[in-house]
Structures are given as structure tokens and as C-alpha cells.
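Order of listing sets the numbers, starting from 1, for every ligand and every atom in it.
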Amino acid sequence: MVSGGAGFIGSHLCEALLANGLGVLALDNFITGSGENVKALEGSPDFEFRQADVNQGVFLDGDVRYVLHFASPASPPQYDANPIHTLKVGTVGTMNMLGLAKAKGATFLLASTSEVYGDPLVHPQPESYWGNVNPIGPRGCYDEAKRAAEAFAMAYKRAHGVDTRIIRIFNTHGPRMQVSDGRAVPNFMAQAIRGEPITVYGDGSQTRSLCYVSDLVRGVILNLERGDELPVNLGNPHEVTVLELAQTIVRLAGSKSKIEHRELPVDDPKQRQPDITRARKLLGWEPEVPLEEGLKRTLDYFRSVL
Ligand code: NAD
Ligand code: UDP
């Protein structure tokens, strides 16, 4: 069972689980996802989709082997627009998914985030870093919900012996991101393709490290098979400034768009790079798709939908 299965990462995960021979039930309430993302899977006899809000509780017949909790708004403008829902799906939604895993004797996996490190004072970020989060800022609804979600997973492990996993996902991109989702990659790509100004927030010196979605999904499945209850960073350590990212996308798109600077959002993390030593050792995982190759694939997708 995949919550958030009609989202960007969730839909790729459903596809990969089906390819591994598993039956997949995807749940989604479409708050930020789209039925289009799973349309190609609907023909598969092993795939089922149900529109459902996981905050309301989910009761299923039959056996469930894995509960993968990916439901949550993930883009800063989207969680800023839905702060209460974001808090609920990280807390109540996570508790409901853990309750389902407990009832079914299933392995539970939480899609957590590098945002648990907030605006990090340790660089790159290892899992042992406790983070630097502003609970009352505009990102607090997301960061604190995910931190609470991690605490819920550990509590169900300790109190009920549920087999749990926590992955901390760093910025991931690929086909099926929503064009209007507001994150840097969709914004820059749509702007470059349309010949509009590229909106770099602040001076663009803040950094991010971008992972292509197929690498991420491979890491998720390895963690289901080989992981333990402690968090694992999944991301690509190739770090770039946001300005470099914008310039690279303009070049790859062959665009004439000019870069324009806009106000930096409140609490925007200044640097982010995963330390993936633990994923390498525990899972034998390493990202394989180089930054520009991944960006080209994502760009092809945005060209096809715009
Ligand atoms: P997304 O918005 O494309 O997907 C999230 C999906 O969850 C959407 O389809 C949405 O409709 C669904 N959803 C939200 N609340 C729900 C609810 N109450 N009930 C049922 N469905 C609900 O975002 P994404 O980028 O695919 O992110 C997926 C997960 O990965 C999220 O949990 C996010 O926090 C995490 N994550 C993503 C990234 C990234 O870079 N993409 C980074 C860190 C963490
Ligand atoms: N960003 C930007 N222009 C945009 C969208 C985002 O400069 O149009 C910046 C944003 O301020 C942040 C980085 O790009 O520094 C990554 O933003 P994103 O929303 O993709 O994810 P975040 O890592 O902040 O959650």
C-alpha cells in the first residue's frame, strides 16, 4: 500500500513495486497529486487506486506486506498554502498508517525529508545531526510534522514492535512533478521552455543537491529489503548553488530566458547536501544518474506537457 500514490514520487514507486512483482494499492486524496500520474498503471491487474484521505483512517481487507507513507504536500508554496493539512498528514496520517501496519503485521516505511535538518549548521548532513528547525516559521508545519512522524515511527517500533523504516529524502526531481508545484526544478524548467524570466530567489548562493527519481526509488526498495528502523539519507551528494542550477537548466533547454532575482523566502535553508555514508554501507546504494543527465530527462517531460 502506497499513500500519496498519485503524487510525483509515489507514482514512480508504484511503478517500481509493480515491476518487482508486487500487487500495489495506491491511496491519494489529490490535494497535490493527479490521477494522470497513475493512468498508465490502471491497466495492470496488480494495481488498484482508491481516492482516500489517510487522515481519516484506512481500513483494508486482506493481507498487506508493506505500508509506504508518501502522502504529504512537499513543495514549500503548497505546504504554506495547506499548513493544517500538512501537519495532520504528518502526524494523524502517519499514526493511521502505522496503525494499519501494526494490524496487518506489515513493514512500515516513512518518507521523511532533509527538512528535518532545517537550515543546517552541520554540512554535509549525516543522520546523527539533530537539525536546526524554526517551529513557528512558514516551513514549521512541514518540518515539524515530519519530525513528529519520525517520532511516531520510533514509538510504534519501541511500543508495538512494528517493523519500521525512515528515509530522509533530499531534493528529488523527475517526470510527473506538477508544472505549477512551485519548486525550483519545475519553476525553472517551465520558465526556460516558455522563454519567461527565471525566478532565482535571493542571490542564488544557497545550495541544493538534486537526485533523479529512479535513483531515489531504487534506494527506497533497497531500504525496505535491507534497512533497519534508524533513518537513512537518500539523495545525490552533487551540490550546486541555485544560481548554477538555473543557469544549467537555461543552457540545457537552449533557452533565451534571463535570470531575475526575487525575494528569498523566510527560513530558506542556505545549504543542503546529504552525507550518504550510511546508505552506502547499509543498502549498498549509490545514485547513478548524473545531474545533467537527470535534468535532461526531466526537461523532456516538461517539454511533453507544456
Ligand atoms: P507530491 O505532492 O507530488 O505527492 C504527495 C502526494 O500525497 C500527492 O499526490 C497528494 O495528493 C497526496 N496526499 C497528500 N495528503 C494526503 C492525504 N491526507 N491522503 C492521501 N493522499 C494525500 O510530492 P512528492 O514530491 O512526490 O513527495 C512525496 C513524499 O516524499 C512526501 O511525503 C514528501 O514529504 C517526501 N519528500 C519529497 C521530496 C522531493 O524532493 N520530492 C523531498 C523530501 C521528502
Ligand atoms: N527557488 C528559487 N526560485 C524558484 C523556486 C525555488 O530560487 O522559483 C529556490 C528556493 O528558494 C530554494 C531552492 O530554490 O533555495 C530550492 O527550492 P525548492 O522549493 O525546490 O525546495 P526546498 O529545498 O527549498 O524545499
Side-chain angles (χ1 to χ4, degrees), residues 2-13 26-38 50-58 68-80 82 85-86 88-90 92-94 96-97 109-116 119 139 142-143 145-146 149 167-174 176-178 181-191 196-211 213 216-217 220 233-235 240-243 245-246 249 259-272 274:
V2 179
S3 76
F8 154 52
I9 297 177
S11 63
H12 285 276
L13 186 59
L27 304 181
D28 206 294
N29 68 350
F30 296 135
I31 188 169
T32 55
S34 159
E36 282 296 311
N37 288 342
V38 286
R50 284 189 213 161
Q51 186 166 349
D53 180 344
V54 299
N55 298 344
Q56 305 300 320
V58 174
L68 298 110
H69 183 37
F70 279 70
S72 173
S75 124
Q78 285 175 336
Y79 54 72
D80 202 19
N82 302 287
H85 183 90
T86 303
K88 277 192 183 164
V89 76
V92 179
T94 301
N96 290 341
M97 295 295 93
L109 183 141
L110 172 69
S112 186
T113 167
S114 53
E115 282 285 323
V116 300
D119 190 1
R139 301 173 86 101
Y142 181 68
D143 301 9
K146 291 288 188 178
I167 52 161
R168 293 182 177 156
I169 304 172
F170 284 65
N171 296 67
T172 298
H173 69 97
R176 304 193 203 120
M177 292 186 100
Q178 301 286 303
D181 138 332
R183 285 180 269 191
V185 168
N187 274 7
F188 294 167
M189 289 196 175
Q191 291 160 349
E196 294 169 354
I198 309 287
T199 56
V200 169
Y201 301 158
D203 62 6
S205 63
Q206 68 273 32
T207 67
R208 294 295 185 272
S209 307
L210 293 151
C211 187
V213 67
L216 191 267
V217 164
V220 174
N233 288 338
L234 290 180
V240 291
T241 66
V242 167
L243 185 60
L245 175 67
I249 290 173
I259 286 169
E260 284 186 6
H261 294 272
R262 301 279 153 83
E263 204 177 327
L264 188 67
V266 175
D267 293 339
D268 198 288
K270 284 181 270 311
Q271 53 183 356
R272 184 179 289 156

Just to be sure I'm reading this right: ignoring hydrogens, which of [options] gets closest to [atom]? Compare them by their nearest heavy atoms.
atom                    : options              : value
atom 36 (N) of ligand 1 : Y142, F170, Y79      : Y142
atom 20 (C) of ligand 1 : G4, A52, S3          : A52
atom 1 (P) of ligand 1  : D28, V92, T32, I167  : T32
atom 5 (C) of ligand 1  : G235, G174, S72, A71 : S72

Just need the protein heavy atom nearest to [atom], so name the residue and atom and give the distance.
atom                    : result
atom 23 (O) of ligand 1 : A74 CB, 3.5 Å
atom 31 (C) of ligand 1 : F70 O, 3.2 Å
atom 13 (C) of ligand 2 : V242 CG2, 3.7 Å
atom 5 (C) of ligand 2  : Y201 CE1, 3.3 Å
atom 30 (O) of ligand 1 : I169 CD1, 3.8 Å
atom 22 (C) of ligand 1 : N29 OD1, 3.0 Å
atom 16 (C) of ligand 2 : R208 NE, 3.6 Å

- Query: Any N or O of A184 that comes nearer than 3.5 Å to an N or O of ligand 2?
  - Reply: yes
- Looking only at distance, does R183 have an N or O less than 3.5 Å from an N or O of ligand 2? no
- Polar contact flag for V54 and ligand 1 (N/O pairs, less than 3.5 Å): yes
- Item | Any N/O pair S34/ligand 1 closer than 3.5 Å | no
- Task: Compute the minimum heavy-atom distance from Q191 to ligand 2 and say whether it is under 4.0 Å.
- Result: no
- Atom indices of ligand 2 within 4.0 angstrom of E115 heavy atoms, with elements: 25 (O)
- Is it the side chain, the backbone, both or neither of N171 that has a heavy atom closer than 4.0 Å to ligand 2? side chain
- Item | Proximity to ligand 2 by part of Q206, non-hydrogen separation under 4.0 Å | side chain
